[in-house]
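The shown structure was predicted, so the numbers you read here are calculated from the model rather than taken from an experiment. Counting convention: from 1, in listed order, for ligands and their atoms alike.
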Amino acid sequence: MRNKFIAGNWKMYRDVEESTQLAEAIKNILKDVGPSEVEVAVCPPFTSLCAVNSVIKGSNIKLGAQNIYPKQEGAFTGEISPLMLRSCGCAYVIIGHSERRQYFGETNESVNEKVKAAIEYGINPIMCVGETLEEREKGVTNDVVKAHVEGGLKGIPKEKLQHVTIAYEPVWAIGTGKTATPEQAQDVHAFIRKLLGALYDDAAAQIVRIQYGGSVKPDNAKELLNKPDIDGALVGGASLKADSFEAIVRFNK
Ligand code: PGA
């Protein structure tokens with residue numbers, strides 16, 4: 001059975017000192033939560049990765065980055081390689097977040113390269129997919145999600161699929177306070193799992209964790225996370241405070 005996986009996407013918030021404090025607070029408040037119950041990760045900005053790693057090392061909290069460059073090293077000014085992320089203690093990396101697709105020109109092809117590179121170097125990708133409001137209103141949600149999933153996973157063999165988490169994040173729900181209803185989210189999650197079954201096989205599809213993201217808060221987490229195909233959450237705003245992040249991790253309490 002898939003264990004739940006809650007990750008905090010801190011986006012471009014928190015400097016080194018603030019990140020250290022937030023990581024301390026999260027570590028302390030969640031010290032009794034083990035990965036067999038809920039797996040927890042925090043994804044601070046690059047500049048805070050090493051500092052946060054020092055705080056959470058040896059605890060149940062895992063570290064993730066928010067982007068990666070798909071080369072081991074080289075003359076790529078301003079970029080960060082998979083090995084560099086590993087050396088900061090990253091177990092996860094968010095790839096293809098809608099903000100990166102929207103503002104930084106990421107495409108299914110670049111997402112695919114990054115997913116492959118992350119897996120190659122032993123970092124588990126959290127691959128983001130999801131439709132815009134316009135696409136939902138046009139009735140093409142499933143087509144968009146299908147293209148994101150198929151494009152992002154191109155060439156990933158079945159035995160590597162277990163390393164991938166998919167985050168379904170409807171763009172219209174991110175940072176807007178508008179959450180997809182649990183039923184709307186469950187429908188897309190079930191669609192993604194069926195698609196994985198067709199691309200790979202049912203057993204492989206059953207292993208992949210599919211997180212929901214988009215205005216997940218303490219008061220809607222339980223309903224969302226109790227849906228059969230919703231295996232966790234990628235949390236933005238509510239992950240920036242230890243108490244609201246804790247309440248989401250303890251959604252069933
Ligand atoms: P939000 O962000 O929880 O603030 O809506 C989610 C995300 O962008 O991953």
For Gly214, is the nearest heavy atom under 4.0 Å from an atom of ligand 1? yes
Hey, which atoms in ligand 1 end up nearer than 4.0 Å to a heavy atom of Gly175? 1 (P), 4 (O), 5 (O)
Nearest-neighbour protein heavy atom for atom 3 (O) of ligand 1, which is reported as residue plus atom name and distance: Gly236 N, 2.9 Å
Any side-chain donor paired with an acceptor under 3.5 Å for Glu131 and Tyr168? yes
At the 4.0 Å heavy-atom cut-off, does Gly213 count as touching ligand 1? no
Under the 3.5 angstrom rule, does the side chain of Asn28 hit a backbone N or O of Glu24 as a donor-acceptor pair? yes
Salt bridge check: are Glu39 and Arg209 linked by an N-O gap of less than 4.0 Å? yes
Between Asp229 and Lys194, does any NZ, NE, NH1 or NH2 come within less than 4.0 Å of an OD or OE carboxylate oxygen? no
Give me the nearest non-hydrogen protein atom to atom 7 (C) of ligand 1 as residue plus atom name, then the distance to 0.1 Å. Glu169 OE2, 3.2 Å
Summary of ring-ring contact (aromatic ring centres under 6.0 Å, His included) pairs that have at least one residue in residues 47-88, sequence neighbours excluded: Tyr69-Phe76
Students should be able to answer this: which protein heavy-atom is nearest to atom 4 (O) of ligand 1, and at what distance? Gly237 N, 2.9 Å
Measuring from non-hydrogen atoms of Lys217 to any atom of ligand 1, is the shortest distance under 4.0 Å? no
In chain order, what residues pass the salt bridge (charged side-chain N to carboxylate O under 4.0 Å, His left out) check against Glu113, with sequence neighbours excluded? none
